[in-house]
Structures are given as structure tokens and as C-alpha cells.
Amino acid sequence: MPHTEADIREMLDRIGVESIDDLYSDVPSEVIFKEEYDIPEAMSEVELRKHFEELGRKNSRLVSFAGRGVYDHYSPSVIPHLLARSEFYTAYTPYQPEISQGTLTYIFEYQSIICELTGMEASNASMYDGSTAAAEAMFMMVASAKKKNRVLVSSTVLPQVVEVMKTYAHFHGVDLTVIPEKDGVTDLDAMREEIAKGDVAGALLPTPNKYGIVEDFTGVADEIHAAKGYLAIYADPSALAVLRTPAGWGADVACGDGQSLGMPMQFGGPYLGFLACSKGMLRKMPGRVVGATTDADGKRAFVLTLQAREQHIRREKATSNICSNQSLMALYATIYVALMGKEGLKEVNRLSCDGAHYLCGKLLETGKFTKVFDRPFLKEFVLETSLDVEKMNKALAEAGFAGPVDLGGGKVEFAVTEQRTREEIDRFVEVIASI
């Protein structure tokens, strides 16, 4: 609450200053703003609510057929109600484990879920988004490989993820090499040529990839391990309910964005980055790891097993500066998976897959689209169109749809989730067919 005049006077007297302006006497006058602030007049609560409603009406609530790393999955209504409980909403970093058992319990549950989805042995809790989780996976491989400073990343990884990795690599002195793609998938022969040079600390590959294709990485981990390198898989956690896990591919690290676990698209966030690894790389993982133990009375209790961060150990020994408690979104993912269950997650993918293949077939029937890749896909796919993409997406927006992502050169990428009904898909195709 604002200080009263008496409060301000008392504080100024205590420190021996005549006025608030005297507090800034060392600041050059030319940098001090002396004009009136250009801010609106105060509003009543009724006026403010109306103002925000007017602003909200400027947004177009479109039925989404776009993807590329952000998907319109169903979010059960109970989640925001549970998240808004004060004991969750105000929880911060559990510095005192003995009085933070509730927070530590759900973090432990989150880690357990990520380990089950990825097949890995350990998970942290957690990262800000998939891109930064991929960058941390890159650092983990370099730190584990020792004296090797080069990491390979497939060009079929989402472009926004690759760009963040490039930024992190540049400022940490990591040599990041992008492996080319061939027919929509990673060019494994090109990757083998790079591995043969003997200086590769690790490689990061996607499942599914940026085109929605499910790539085959059989034997890749063995080749990388033979060269004393590590394998990281960037994965869609929702899709891992039905696809082979990173551990199933022989990966040492798994990372990705948890947005597909029911998180609203929200104009880009907040989302969740997950990071998991094999037990051997645990000490190279940033953030915190919660473990289960027993207390002095033999009762089950939870503790901070690992905190390899600069607030707890010498700064130069820290693995990362991931500090703030990102576990609110980890709790979101935990509640979502607990509500959906194993069969629910499988059903999400079955409906998404059925809808995507149905839409693909209907679009091809219009004669305005052709296949770009003859590869297996789950909920996302790329087609080439003879239509003007900008004109098509404008027509779709006017009809209430968020159209496909424009990849350039007439190529467009569609995504379908379990939220899209057969009626919506048919109407979507009708609009396109009428252009």
C-alpha cells in the first residue's frame, strides 16, 4: 500500500535527508525525466472491466489448424482451479524441505511422469520452455564428453529451437553444427560423416520432427556411443504416449516442450520445458532434482537431492542459472497427466492422428494440394498447394480458422488435435475448396 506523508517524513528523518529528491542528488539532472507521465486517468472497477472487455474483443478466437511446436490440445477445466489454490500459486523455491513437503511432493510426481513418458532415469523440475531445455541438453553433452566441444543438431528440429541453441552455443563457446535434411528427415549419412571426425560431443534429434514426421533412429545411438558421444532426443511429450521413447532409441538425454500436455496456447506462454537423462549424466543436469526418502520416524519424506546451481555451489561449478521456481507449470503438466491417465493420453493421440489423416485425405481430394513427403506422421503434416497461401489463410481467418503454417514455396503445414471435430475439418476444407 502507498506510504502516508507521515511514513515518508519519518523515513527521511531517520536517514537524515530533507526530501525524496535529495535521494537522487547524485543522478545527473539531464537524465531525469521532468515531463508529465503519459498514462490514462484512473478508472473505477466497472470502467476497467469494460475497458479490458473491449480490448479482448479485438482478438479473433480462431479454430486452429496450425502447429509447429504449439498445439491446441484440450485443457480440463479443473486444472486452473487447482493451480489457483494459494498453496500452489504462491509456492516458491523449496529452500526449507522440511516445511515444503507439499511442493516437493508434486515436483517428485512431475519428475516421475516425465521419466515414465521418456523412459529416462532422472528428470529435473523444470525448464522454462523446450528451446532452453534443448540448449541445456547441449551443454550436458559437452560437459559429459570432456574435451569435445562440438554438438550436432538436425535441421529437422523446430527452427525456433535451433535458433536458441545457436545463441546459447555462441556465448558459451560451443561449436554447433546443423545436419542437413533429406526427403523430410535427418540425413543420417551426413551425420555419420561428422561423427567420423572424432570431435563430436553429442547430437540432438527430433521425434516427431518439424514436419510432423516420425523419424527412424534405429542404430544411431550405438554409432554415437561408439564415437564416445551422447544422444539427445527433442520430443513432444504428448506423442510419447504412443511413440517409441527417447530411452527406446538409446538416448542419454530427453528434452522438449510440455505445452502439448494440455497447456493453452496463450499467445506463446507460459509453457514448460522438460529435461531428463540417464543416471550417469545426472550431475550435469541443471536445476533441482527432488528425491524420496524416510524421515527420523520412518515416514516417507521428500528432499532436494540435487541442486547444481550457482546459489548453492561455487558459481564457476554451477551447471546453469535456472533459479526461479518454474514448478507451477510442472504442476499443470502433473495434474493434466494424472487426469488423462495412460489410456486418456493414448486416446488424445488416436483422435489427433485420425483427424490429421482424414484432413490430409480431404485436402488431396480437392486437387489443390499434393504430398511433399511420403513419411509416417501423427498429428501434423506438410502439403504443397497451387493456391496463394496468403490469400488462403486470409479467407480461412475470415471464416473463423487459423490456417496452416506457411513454409514458403507453396508448402504449408497443418496440425490436427483431438479438439478438432469432423464438422470443423469438413468446413475447413469447404472454405479452401471454394477459393
Side-chain angles (χ1 to χ4, degrees), residues 52-53 55-77 79-80 83-84 89 110 114 125-137 153 156-168 206 208-212 234-239 255-275 287 320-337 348 352 379-380 382 389-390 393-394 396-397 400-408 412-420:
F52 279 117
E53 285 172 4
L55 290 177
R57 282 195 286 270
K58 293 182 179 181
N59 294 327
S60 298
R61 298 183 66 85
L62 305 178
V63 175
S64 179
F65 282 89
R68 276 246 148 172
V70 180
Y71 305 98
D72 187 23
H73 284 293
Y74 168 66
S75 179
S77 60
I79 299 178
L83 281 184
Y89 210 60
Y110 164 79
I114 294 300
S126 47
M127 312 300 292
Y128 294 121
D129 54 30
S131 299
T132 51
E136 296 293 350
V153 59
T156 63
V157 171
L158 289 164
Q160 62 267 34
V161 174
V162 175
E163 287 304 308
V164 171
M165 290 179 69
K166 285 180 179 177
T167 301
Y168 273 61
N209 71 17
K210 67 181 182 182
Y211 301 123
Y234 187 92
D236 175 346
S238 175
C255 58
D257 201 301
Q259 185 274 332
S260 63
L261 297 178
M263 294 175 195
M265 295 185 285
Q266 298 272 56
F267 294 97
Y271 294 159
L272 167 77
F274 72 86
L275 187 60
S320 172
N321 66 346
I322 293 295
C323 293
S324 299
N325 186 13
Q326 175 67 359
S327 70
L328 186 68
M329 299 315 293
L331 175 62
Y332 193 112
T334 304
I335 298 171
Y336 172 81
V337 176
V348 164
S352 300
K379 62 184 176 187
E380 200 165 13
V382 175
V389 176
E390 186 176 351
N393 278 341
K394 185 178 179 182
L396 286 167
F401 297 105
V405 177
D406 185 358
L407 304 184
V412 286
E413 186 164 2
F414 299 85
V416 180
T417 68
E418 79 285 4
Q419 295 225 88
R420 299 289 73 85

side-chain contact (heavy atoms from CB on, under 4.5 Å) with Tyr234: which of Asn209, Val153, Leu158? Leu158
Under the rule for side-chain hydrogen bond (donor to acceptor under 3.5 Å, both in side chains), what residues qualify as partners of Thr156, not counting sequence neighbours? Ser154, Thr186, Glu215
Indicate yes or no: at least one non-hydrogen side-chain atom of Met165 is less than 4.5 angstrom from one of Val161. yes
List the residues meeting side-chain contact (heavy atoms from CB on, under 4.5 Å) with Ala133, not counting sequence neighbours, and say none if there are none. Met127, Cys255
If we only count heavy atoms from C-beta on, is the Leu396 to Pro404 side-chain gap below 4.5 Å? yes
Side-chain donor-acceptor distances from residues 55-71 under 3.5 Å, at least two apart:
from: Ser64; atom 1: OG; to: Ala66; atom 2: N; distance (Å): 3.2
from: Arg68; atom 1: NE; to: Lys210; atom 2: O; distance (Å): 3.4
from: Arg68; atom 1: NE; to: Glu413; atom 2: OE1; distance (Å): 2.7
from: Arg68; atom 1: NH2; to: Glu413; atom 2: OE1; distance (Å): 3.3
from: Tyr71; atom 1: OH; to: Gly69; atom 2: N; distance (Å): 3.1
from: Tyr71; atom 1: OH; to: Glu380; atom 2: OE1; distance (Å): 2.6

Take Ser131 and Glu163 through the side-chain contact (heavy atoms from CB on, under 4.5 Å) test and state the conclusion after the steps. CA-CA 8 Å; Ser131 299; Glu163 287 304 308; over 6 Å; no
According to side-chain hydrogen bond (donor to acceptor under 3.5 Å, both in side chains), who are the partners of Asp72, at least two apart in sequence or on a separate chain? Gln419, Arg420
Check: Asp129 side chain, Asp257 main-chain N or O, donor-acceptor pair, under 3.5 Å: no
Nearest non-hydrogen partners of Gly408 and Asp406, listed with the distance: N-OD1, 2.9 Å
Do Lys379 and Pro208 have side chains that approach each other closer than 4.5 Å (heavy atoms only, starting at C-beta)? no
Rounded distance [0.5 Å steps], OH in Tyr110 versus OG in Ser126: 4.5 Å
Nearest atoms (heavy-atom pairs only) where Phe274 meets Pro237: CE2-CD, 3.6 Å
Distance-only criterion, 3.5 Å: show the donor-acceptor pairs between side-chain atoms of residues 329-337 and protein atoms not counting sequence neighbours.
from: Tyr332; atom 1: OH; to: Ser75; atom 2: OG; distance (Å): 2.4
from: Tyr332; atom 1: OH; to: Gly262; atom 2: O; distance (Å): 3.0
from: Thr334; atom 1: OG1; to: Ala330; atom 2: O; distance (Å): 2.7

So CG of Leu261 and CD1 of Ile114: to nearest 0.5 Å the spacing works out to 6.5 Å
What residues, two or more places apart in sequence or in another chain, satisfy salt bridge (charged side-chain N to carboxylate O under 4.0 Å, His left out) together with Glu418? none
When rounded to the nearest 0.5 angstrom, what is the spacing between OH in Tyr271 and CE in Met265? 7.5 Å
Check the surroundings of atom CD in Glu390: do more than 12 heavy atoms from other residues, nucleotides or ligands lie under 6.0 Å from it? no
Taking salt bridge (charged side-chain N to carboxylate O under 4.0 Å, His left out) as the definition, give me every residue that meets it alongside Lys394, ordered by chain and number, with sequence neighbours left out. none
Check against side-chain contact (heavy atoms from CB on, under 4.5 Å), Thr132 and Tyr168: CA-CA 9 Å; Thr132 51; Tyr168 273 61; 3.3 Å; yes
